[in-house]
Student: 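First the structure, then my questions, so here it is.
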There are 2 protein chains.
Amino acid sequence: MTAEKALTGLRERKKAQTRAALASAAMRLALERGVENVTADAIAEAADVSPRTFRNYFSGKEEAIVAELVDGMGYIADGLRARPTGEPLWESLRHALTFSAFLPPEQLEQLAVKVRMVMASRALLGSQLAIFERLGEQLTEIIAERTGTDARTDLYPRLTGVVAANALRLTVFMWLESKGESDLAELTADALARLRAGLPEP
Amino acid sequence: MTAEKALTGLRERKKAQTRAALASAAMRLALERGVENVTADAIAEAADVSPRTFRNYFSGKEEAIVAELVDGMGYIADGLRARPTGEPLWESLRHALTFSAFLPPEQLEQLAVKVRMVMASRALLGSQLAIFERLGEQLTEIIAERTGTDARTDLYPRLTGVVAANALRLTVFMWLESKGESDLAELTADALARLRAGLPEP
DNA sequence: GGGAAAAGATGCCGGGACGGCAAACTTTTC
DNA sequence: GAAAAGTTTGCCGTCCCGGCATCTTTTCCC
């Protein structure tokens, strides 16, 4: 249950391909023309499928546009899963959430362009929040597993997961606001440190 | 700039009335028929305005359905504003966010019915998240004011506001999941206490 | 008090979104 | 290799959404 799914069989592979093509086309068109000027039909055409098929994959253009970023969140979750079990949880979270420190600058800039577009679009606010909500759920699951707590009944893993995901969301937001004058990984690490310290008044 | 707006003039009053009528009708219909079976036109009809007018007030049925709850969040912000300035911030937050402890049980149950519907609806997920996002922004503003920090550049007030709002969201969610077997105010207070303590592993 | 001017409400309309259904295909299964 | 299972696509009805023009109501100001 990571970012990748088992791709057994031709059918599965084709579906994944189609989905990826649609998501990619949606993101590209949104960047080129602006979210408002993208239609579901245009995305379908760009991905060489019928408009009707588009609707079999995504419930709307918004979902398609952010699909790549949603999948990207999976890598953060994978990063947390990959941390050694003995490591203190806060350390693991810091490592996983400051992934940007290990990204080639060019790739980070590429990501920034997309995230900026999503975070700036009023129409995508719901989707944007949903992305991080999902990240929170994934973190919750991993945290519950690592700490031997129950995500269904225990406040701890859920609160920690939600708070960590939102800390990242906030620092990404502030990073974009600063227009490159701040370091995302540093900002995120700062936020996590403050959380670990109990959010003392400055 | 509280939950209430100055209602000078007949025009303002009528607008507020129309808006309230639409929001109320939207919520009622959503509860009666389920979110999926409510159309913008039906809401307009129930509120005795033209469908076109409905769209002048709300961008879609989702926004109308949650409008009452959005406004309700304003009262929580007002509650925080009303706390004495000398009080430690965590104390103030606890008081403001555990408002449910001071609500008549009947009124709390009435609220629960609405919140349950909103939180259970897939179609309202985005709106639901946006409600709490807005609460986070309001808390941020108040926290910045109280602590003399700058919400534009300082991580502290924003992080605290966002985290507090999401703590409430999570505890409301868990409270609804428990089907009345837990106390919302206690749950929320517990979450805030954990945050203040730096989210230690249990 | 009365007649603009400003702000709202409404109707009309066209481009899109959404999803059920059935027919045509493709991959899997045996 | 056929039947079974799963996908793609077209068709279509319903609803969403917002611009524009018009008619009404409220406000403003002499």
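Naming: A, B, ... by sequence-line order, numbering from 1 per chain.
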Student: Shorter than 3.5 Å, N or O on both sides, protein versus nucleotides 9-13 of chain D: list them out with atom names.
Tutor:
unit_1  : atom_1 : unit_2   : atom_2 : d
dT9(D)  : OP2    : Ser50(A) : N      : 3.1
dT9(D)  : OP2    : Ser50(A) : OG     : 3.4
dT9(D)  : OP2    : Thr53(A) : OG1    : 2.5
dT9(D)  : O5'    : Ser50(A) : OG     : 3.3
dG10(D) : O6     : Arg52(A) : NE     : 3.2

Student: What integer distance in Å separates Ile65(B):CD1 from dC16(D):P?
Tutor: 10 Å

Student: Go through the side-chain N and O atoms of Glu201(B) and Thr147(A) and say whether any donor and acceptor fall under 3.5 Å apart.
Tutor: no

Student: What pairs with Asp150(A) under side-chain contact (heavy atoms from CB on, under 4.5 Å), at least two apart in sequence or on another chain?
Tutor: Arg152(A), Thr153(A)

Student: Just the table, please: protein N/O against nucleotides 1-7 of chain C N/O, every pair under 3.5 Å.
Tutor:
unit_1 : atom_1 : unit_2   : atom_2 : d
dA7(C) : O4'    : Arg11(B) : NH1    : 2.9

Student: Please enumerate all residues that pass salt bridge (Lys or Arg N to Asp or Glu O under 4.0 Å) together with Glu181(B), with sequence neighbours excluded.
Tutor: none

Student: Could you work out how much the helix from dG1(C)-dC30(D) to dC30(C)-dG1(D) bends, comparing the axis of its first five pairs with that of its last five, to 10°?
Tutor: 30°

Student: Got a sec, which residues hit side-chain contact (heavy atoms from CB on, under 4.5 Å) with Thr39(B), two or more places apart in sequence or on another chain?
Tutor: Asp41(B), Ala42(B)

Student: Once salt bridge (Lys or Arg N to Asp or Glu O under 4.0 Å) is applied, do any residues pair with Glu91(A), and if so which ones, sequence neighbours excluded?
Tutor: Arg94(A)

Student: Please confirm whether the shortest side-chain N or O distance from Lys14(A) to OP1 or OP2 of dT7(D) is below 4.0 Å.
Tutor: no

Student: Let me check something: any side-chain donor-acceptor pairs from residues 58-70 of chain A under 3.5 Å, sequence neighbours excluded? List them with distances.
Tutor:
unit_1   : atom_1 : unit_2    : atom_2 : d
Ser59(A) : OG     : Glu63(A)  : OE1    : 2.6
Lys61(A) : NZ     : Val35(A)  : O      : 3.4
Lys61(A) : NZ     : Val38(A)  : O      : 2.9
Glu63(A) : OE1    : Ser59(A)  : N      : 3.4
Glu68(A) : OE1    : Lys114(A) : NZ     : 3.2

Student: Looking at the side chain of Thr18(A), which of dT26(D), dT8(D), dA9(C) is the nearest nucleotide?
Tutor: dT8(D)

Student: In residues 29-40 of chain B, which residues come under 4.0 Å of DNA chain C by heavy atom?
Tutor: none

Student: Using a cut-off of strictly less than 4.0 Å between a heavy atom of the residue and any atom of DNA chain D, enumerate the qualifying residues of residues 123-130 of chain A by number.
Tutor: none

Student: Applying side-chain contact (heavy atoms from CB on, under 4.5 Å), name anything that partners Asp183(A), two or more places apart in sequence or on another chain.
Tutor: Ala185(A), Glu186(A)

Student: Side chains of residues 157-168 of chain B: which donor-acceptor partners sit under 3.5 Å, not counting sequence neighbours?
Tutor:
unit_1    : atom_1 : unit_2    : atom_2 : d
Arg158(B) : NH1    : Glu177(A) : OE1    : 3.0
Arg158(B) : NH1    : Ala151(B) : O      : 3.3
Arg158(B) : NH2    : Glu177(A) : OE2    : 3.3
Thr160(B) : OG1    : Tyr156(B) : O      : 2.8
Asn166(B) : OD1    : Asn166(A) : ND2    : 3.4
Asn166(B) : OD1    : Arg169(B) : NE     : 3.2
Asn166(B) : OD1    : Arg169(B) : NH2    : 3.2
Asn166(B) : ND2    : Asn166(A) : OD1    : 3.4
Asn166(B) : ND2    : Val162(B) : O      : 2.9

